[in-house]
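One structure is given below, encoded as structure tokens.
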Amino acid sequence: MSSRTLFNVAVVGATGAVGEQIIRLLEERNFPLASLKLLSSARSAGTKLKFKGQEIAVEEAKPESFKGVDIALFSAGGDVSKALIPHAVEHGAVCIDNTNAYRMDPDTPLIVPEVNIDKLSGHKGIIANPNCSTIQMVAALKPLYDRYGISRIIVSTYQAVSGAGAKAISEMLRQSGEVLAGNDPKPDILPTASLPVKHQIAFNVIPQIDKFTDNGFTLEEMKMIRETKKILGDDTLEVTATCVRVPVVYGHSESVYVELKSDFEIEDVNSLLSDSPGIVLHDDPAAQQYPMPAFAAGKNETFVGRVRRDISNPRALNLWIVSDNLLKGAAWNAVQIAEFIAIPQ
């Protein structure tokens, strides 16, 4: 990456799982930084994090924290984004938000760089990062949408516990030990910390991510439905989703059924996916090669396999899509957006 103008960058939620990945990526990518400000809640303020061999003290995020900041990357929860992003924009910062706070705001572009980076120029100081599961799905489906058109998408997700935060990871690991020891796993976090009923995740799957809405779908499922239509710019798309939490630490998996508008050959679909930016086709059934969370963890790409024509509908495909939810699903997508802002492509 060649640097030109240097930027003052702030990371909000710096001590969280996604914030830590953003900081690592900024260092690895040699992002053109004039300065880096690390912000968090008052509870985490004072923590010291390393960046390029130096220790940076984390500060409490306040409205005045954004004076002189050019780019602010937010990953500290929707309430924090709603409270602080208006102040950051007022101070002149371009905000890249990893939460649900602004995703469906009609004035806020919802960006996956491989899919709709052309919408970036329309921002008014705020750019939204989509839901982690939406990102990997639309990244894989965009080349098919452009070539063949898409009429319908049915997706079932198998989402890692890291999507619910560090406490959910600790809960799964703790519960696993308790179950193996024959003890009560005592669920405290999942499926949703704000709800009174909790379920075991160790050696189990939970068909609920976020709260249920009046239509019987969860908020996570409705996010995927609405965000997919917004990102692809197509309200005629028929999209339905079932989102499930599974006992995996990192990496979301998705089983996707997609109905195309025109005929296709599997060989052409495979070539199209192989040639698409950010997509890795990992598909060799004879050798039992297909994407898995353990394979995708720690990688920025989105992996696609099990590509096959549907038996009942000759214009439909079945795909298996896997990606690291903390990277392409969050931190890497945000840093990609920041690079498009900072560096002429």
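As a basis for the values below, the full set of heavy atoms in this structure was taken, side chains included, without hydrogen atoms, waters or symmetry mates.
The 12-atom threshold is not exceeded at CZ of R226, counting heavy atoms of other residues, nucleotides or ligands nearer than 6.0 Å. Atom CD of Q54 is surrounded by 12 or fewer heavy atoms from other residues, nucleotides or ligands within 6.0 Å.
Between F74 and F66, the ring planes are parallel. Angles under 30° get that label, and only those over 60° would be called perpendicular.
No donor-acceptor distance shorter than 3.5 angstrom exists from the side chain of D70 to the backbone of A93, with no hydrogens or angles considered. Of the possible polar contacts, none joining the S65 side chain to the A61 backbone as a donor-acceptor pair under 3.5 Å is found. Remark: side-chain polar atoms of R309 are paired, donor with acceptor, to backbone N or O of F264 under 3.5 angstrom. Remark: side-chain polar atoms of E301 are not paired, donor with acceptor, to backbone N or O of F303 under 3.5 angstrom. Judged by distance alone, the side chain of K198 and the main-chain N or O of K186 form no donor-acceptor pair under 3.5 Å.
A donor-acceptor contact under 3.5 angstrom links the side chains of T134 and E227, judged on distance only. For K67 and N8, the side-chain atoms include no donor-acceptor pair closer than 3.5 Å. In this model, no donor atom of one side chain and acceptor atom of the other lie less than 3.5 Å apart for K328 and N300. A donor atom on one side chain and an acceptor atom on the other are found under 3.5 Å apart for E220 and N131.
Note on V244 and V256: separate hydrophobic clusters, where clusters join Ile, Leu, Val, Met, Phe, Trp and Tyr whose side-chain heavy atoms are under 4.5 Å apart, directly or indirectly. Placement of I321 and L272 within a single hydrophobic cluster is found when ILVMFWY residues are connected by side-chain heavy-atom separations under 4.5 Å, directly or transitively.
A ring-centre distance under 6.0 Å is not found for F31 and F51.
Taking each heavy atom of I341 and V94 in turn, the nearest pair found is CD1-CG1, 3.7 Å.
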Test salt bridge (Lys or Arg N to Asp or Glu O under 4.0 Å) applied to K142 and E114, step by step: CA-CA 8 Å; K142 172 64 170 173; E114 296 89 346; over 6 Å; no
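Looking at D188 and R174, a side-chain N of the basic residue comes within less than 4.0 Å of a carboxylate O on the acidic one, giving a salt bridge.
Using a 4.5 Å heavy-atom threshold, the side chains of R245 and P191 count as separate.
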